[in-house]
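Heads up: the structure comes next, in structure tokens.
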Amino acid sequence: MNATAPKLPARPPSADTLILAAMRRAGETGASGAELAKQLGVSRAAVWARIEELRKLGYDISASPHQGYALRASPDALHGDDLLARVGDTRVVGRAIQVFKETDSTNDIVDKLAHDGVAEGVVVFAESQTKGRGRLGRRWLSPPGKGLWCSVLLRPNLHPMAATQLTVISAVAVARAIERQTGLTPGIKWPNDIMFGPRKCAGILIELSAEIDHIRHAVLGIGLDVNLTPAEFPAELRASATSLQAEAGHPIDRPALAAALLHELDVVYARLCEGDFHEVGDDWMRRCTTLGHRVTIRVGDRALTGTAEALDEEGALLVRTEHGHVERIMGGDVTLEK
Ligand code: BTN
């Protein structure tokens, strides 16, 4: 964490966050209305009014005089209050969460928040994006309710040359969250693609605002294809893109996955800030499908072919060329050669 980063006072959790968190903790037993009222400092009627509002949002909540309020089912929709309740206390990532029904690009919203002086850790989700963008100026398909399209504001104490570390830790966090929530084991293609075999299910776009010697802020954008069916991808993407639903054979709980993602991002970012990139870097290497392969890397007009040998401490890829010397690659488009 950057010691000079602006800090805004953390807002206390909303009533809905506290009610949802209490019901999740209580499980089938249910959370007592009287205790909720006491905890929130409001009347039992006011708690009841909030429960009614949550029901309108699609939360299935049973109420009984003996058991209190029990959460039976949640909607397949992202709600900031619910995500905060699921994530609980985090060090940085997910201290504040905003959800838009539709926006142009969550990266743009977070960049604006950064320029307004908002503290790191804020996360913006959108149910859909009209101008979602990927690396190298590509368009990122972001249809409503089918994926996780989100951006996180970070203010790491890093030299701009070490920004690839952010990509590496983010890819590990995405892979860990998918694994934890679905039992699937994705691979990582350097630097930032989350893959199932030849098909990509998630990508990471990091946009920096930097001085010559330090990063002012980084916008970490993640696009994760969750519940798209193969037919929902445009024909030209079907051979190269996939979703978690297509891989698992059943729909995936998006809000639960979103919370797992924020938790994992918080863990890896804390490691990075503590100066312990290696633990996460080692996990990246275990998951990486690029290392040991012949690759061609295109950076602008330049193409380089060689064997991807390792990742260095700044997250750069070390490629041994056909002439036997090692090139250090910080970014580009990788193709695995046969
Ligand atoms: C890639 O090209 O692999 C990176 C894709 C990143 C897409 C995400 S979706 C949320 C955030 N907002 C954007 O406009 N892009 C990123």
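Only heavy atoms go into these numbers, but all of them, side chains included; no hydrogens, no water, no symmetry mates. Just so you know, ligand 1 is whichever comes first in the structure, and atom 1 is the first atom listed for that ligand.
Near R133, with a cut-off below 4.0 Å to any heavy atom, the atoms of ligand 1 are 6 (C), 7 (C), 13 (C), 14 (O), 15 (N), 16 (C). Near C150, the atoms of ligand 1 lying under 4.0 angstrom from a non-hydrogen atom of the residue are 10 (C), 11 (C). Ligand 1 places these atoms under 4.0 Å from at least one heavy atom of G132: 14 (O). Of all atoms in ligand 1, listed by their number and element, those nearer than 4.0 Å to a heavy atom of K200 are 1 (C), 2 (O), 3 (O). Listed by number with element, the atoms of ligand 1 under 4.0 angstrom from any heavy atom of I204 are 3 (O), 4 (C). Listed by number with element, the atoms of ligand 1 under 4.0 angstrom from any heavy atom of S151 are 11 (C). Less than 4.0 angstrom separates some heavy atom of S105 from each of these atoms of ligand 1: 12 (N), 13 (C), 14 (O). Near G134, the atoms of ligand 1 lying under 4.0 angstrom from a non-hydrogen atom of the residue are 1 (C), 2 (O), 4 (C), 5 (C).
Ligand 1 lies nowhere less than 4.0 angstrom from a heavy atom belonging to S142. Within the structure, the closest approach of R138 to ligand 1 does not fall below 4.0 Å when heavy atoms are considered.
There is no side-chain donor-acceptor pair under 3.5 Å between D104 and T130.
Here the heavy atom of the protein found nearest to atom 2 (O) of ligand 1 is R135 N, 2.7 Å. Of the protein's non-hydrogen atoms, the one nearest atom 5 (C) of ligand 1 is W140 CE3, 3.4 Å.
For L136, no heavy-atom contact with ligand 1 is shorter than 4.0 Å.
Ring geometry for Y59 versus H79: interplanar angle of 30 to 60°, hence tilted.
Between D333 and R298 there is no salt bridge, since none of the side-chain N atoms of the basic residue sits less than 4.0 Å from a carboxylate O of the acidic one.
Partner of E127 under the side-chain hydrogen bond (donor to acceptor under 3.5 Å, both in side chains) criterion, chosen from K101, K146, R254: R254.
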